[in-house]
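All remarks here apply to the structure that follows.
A, B, ... follow the sequence lines: proteins, then strands. Residue 1 opens every chain. Values below: every heavy atom of this structure, side chains too, minus hydrogens, waters and symmetry copies.
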Amino acid sequence: MYNPSDKNSILAFAQQLQSQRLRNCIDVSAMAKVYRGKGNFGQLLEKYYFGYDLNSASEPDFAQAGLELKTAPLKVLKTKAYRSKERLVLNLINYVEIVDEVFETSSFIQKNAHILLVFYEHQPEVNALDLQIKLVGDWRFPPADLEVIRQDWSSIVQKIKAGKAHELSEGDTFYLAACTKGANANSLRRQPHSAQPAMQRAFSLKQGYVNHIIANLAGDAKPNYGKLLVAAPEIQSESIEAVVLRKLRPYCGKSIAQLTAEAGVALNDKAKNFTANLTNLLLGVELDKQIEEFEKAEITVKTVRLSESNLPKESMSFPHFKYEEIAQIQWEDSEFKQRLERKFLVVFLKYIAGELYFDKAVFWNMEPQHLLEAQRVWLATQALVRAGTIVTAIKNGRRFTAFPTKQFSAVAHVRPHARNAADVFPLPVPDVLTGLQAYTKHCFWLNNHFIRDAIYLKSQRATVIDLFS
DNA sequence: GCATGATCATGC
DNA sequence: GCATGATCATGC
């Protein structure tokens, strides 16, 4: 067994799980009946491998050693590389108590300063006893990461102090997020500075950050990342947001032609990596490298081209959805929702007399009421696909559909996104009017007017670089 | 002029 | 071959 007050002893005992299945590591005959049929992997591991009773106390699982045990699923890619299946959910946020905490002694730090991680392969149909354990290891946040997390923690607490716990969202922060936790939207809690009940939430590490942990535990060769934050955190505690905006500020108002000429590089503005290349160029990161902090924080970088009236020339597209999938899944599991919950860095370029200029860059994440509106669009789309009533008319070879349009919602709409009309996905229900069993690929788009109003115009002066201010 | 439908260009 | 970012075309 192990010595519960000795970290190394616990870690060594845990390491024996590497590449095993739980069934081979515990006495199955001693298991309670309820667990023999099915049980949660984490519960089984705690109770029958480590031999302690389940608790949800505020102290870490191995209290004497200050070690918190976390189990989590990962996916194995075709390349055999590991990726986290989801965010890693940590301790619950107590809205009432947290407003009196300081980070260094907070319940978050007390519980999660040192984490013992057991990753198993996600296999939905497999008994928990037979899941393959892929990675075992312990994790402490490196100082630079801890500084970002401290800022994330503070901005979450700030929002609660402002009586806005009901407006918390995952996109608010970078590595550490407040994710919803509870069976449904009825899991409401009281918050200290507002009468409005708020969804129960827990601290969580973003999926991108968990991928970083996984790569470290797996001993993967360090990806060839570019980094934004180079100074040691004790010297520099500037936020990721502040660093990015500070680096971009000098370029505002310059034309893309001038910027690329000064840097001595040629960027093809039609290339699909134009956005990434331009961002790297302006942030001083080598062009072919991914930005480590952006990967960890799952930041989506988008460029938006504005007309002289500040209206984006196009709406913003998202990956096309599969009709068979959208008919089956829930909004909560949809890719569209997952993407909308991320943080965005939107780079606005503006056409002036035919020439493209760098206007401003804005960090943005969607407000809860807009996410609800996106949900309405998604649900209308799902209903349509389920009913098989996509096509409403055909005129001159052009199809007219009942997909949600910009008239339907001020936030999002559905439009084709395909090579051509023959580029299709199968339908779960044949289209009633045409009998088609497959239909041109479509995707969700954020309306260009929404981008103008909710991102471009609404962005606060403090967080933007405004060419014309 | 703009919304909706349709397709192009690129890179992995 | 296909996803993705980007843009064009038609008709009201």
Going through the distances and angles, do A:His320 and A:Phe425 end up as a ring pair (Phe, Tyr, Trp, His ring centres under 6.0 Å)? CA-CA 10 Å; A:His320 38 224; A:Phe425 278 138; 5.4 Å; yes

For A:Phe203, does the six-membered ring have the charged nitrogen or CZ of A:Lys181 within the cation-pi criterion, i.e. under 6.0 angstrom from the centroid and within 45° of the normal?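 No cation-pi geometry.
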
Is the distance from OP1 or OP2 of [N] to the nearest side-chain N or O of [X] less than 4.0 Å?
X: A:Thr440; N: B:dT7; value: no
X: A:Gln407; N: B:dC2; value: no
X: A:Lys441; N: B:dA6; value: no
X: A:Thr275; N: C:dA6; value: yes
X: A:His417; N: C:dT4; value: no
X: A:Thr405; N: B:dT4; value: yes

Give a yes-or-no answer on whether the side chains of A:Glu373 and A:Gln369 include a donor-acceptor pair shorter than 3.5 Å.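 Note: A:Glu373 and A:Gln369 side chains miss the donor-acceptor criterion.
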
Nucleotide [N], atom [atom2] - distance to [atom1] of [X] in whole Å:
X: A:Lys270; N: C:dA3; atom1: NZ; atom2: P; result: 23 Å
X: A:Leu306; N: C:dT7; atom1: CG; atom2: P; result: 12 Å
X: A:Phe321; N: C:dT4; atom1: CZ; atom2: P; result: 14 Å
X: A:Lys313; N: C:dC8; atom1: NZ; atom2: P; result: 8 Å
X: A:Leu267; N: C:dG5; atom1: CG; atom2: C1'; result: 15 Å
X: A:Lys272; N: C:dC2; atom1: NZ; atom2: P; result: 13 Å
X: A:Asp423; N: B:dA6; atom1: CG; atom2: P; result: 13 Å
X: A:Met316; N: C:dA3; atom1: CE; atom2: P; result: 21 Å

Name the nucleic acid region contacted by [X], choosing base, sugar-phosphate or nothing; use a 4.0 angstrom heavy-atom cut-off, strictly under.
X: A:Asn268; answer: sugar-phosphate
X: A:Lys406; answer: sugar-phosphate
X: A:His449; answer: sugar-phosphate
X: A:His320; answer: base

Select from A:Asn448 and A:Tyr439 the residue whose nearest nucleotide in DNA chain B is closer to the 5' end of that strand.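 Closer to the 5' end of DNA chain B: A:Asn448.
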
Check whether more than 12 heavy atoms from other residues, nucleotides or ligands sit under 6.0 Å from atom CZ of A:Arg386, and answer yes or no.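 Buried by this count: over 12 neighbours within 6.0 Å.
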
Closest approach to the side chain of [X], judged atom by atom: which nucleotide of [options] is it?
X: A:Lys302; options: C:dT7, C:dG5, B:dG5; result: C:dG5
X: A:Glu314; options: C:dC8, C:dA6, B:dT4; result: C:dC8
X: A:Arg415; options: C:dG5, B:dT7, B:dT4; result: B:dT4
X: A:Pro416; options: B:dG5, C:dA6, C:dA3; result: B:dG5

Pair A:Phe119 + A:Tyr82: ring centers closer than 6.0 Å: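 Centroid distance A:Phe119-A:Tyr82: not below 6.0 Å, so no.
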
List the steps, then state whether ring pair (Phe, Tyr, Trp, His ring centres under 6.0 Å) holds for A:Trp153 with A:Phe103. CA-CA 7 Å; A:Trp153 184 92; A:Phe103 180 70; 5.5 Å; yes

Report the residue (A:Trp445 or A:Arg339) whose heavy-atom-nearest nucleotide on DNA chain C is the more 5′ of the two.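 The residue mapped nearer the 5' terminus is A:Arg339.
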
May I have the step-by-step check of ring pair (Phe, Tyr, Trp, His ring centres under 6.0 Å) for A:Tyr209 and A:Tyr175, ending in yes or no? CA-CA 6 Å; A:Tyr209 193 85; A:Tyr175 300 168; 5.2 Å; yes

What N/O pairs connect the protein and nucleotides 9-12 of chain C at under 3.5 Å? Give each pair on its own line.
none

Using 30° and 60° as the class boundaries, would you call the ring planes of A:Phe403 and A:Tyr323 parallel, tilted or perpendicular?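 Ring orientation, 0 to 90° scale: parallel.
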
For a ring pair (Phe, Tyr, Trp, His ring centres under 6.0 Å) with A:Phe444, tell me which candidate from A:Phe318, A:Phe321, A:Trp331 qualifies.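 Between A:Phe444 and the candidates, ring pair (Phe, Tyr, Trp, His ring centres under 6.0 Å) is satisfied uniquely by A:Phe321.
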
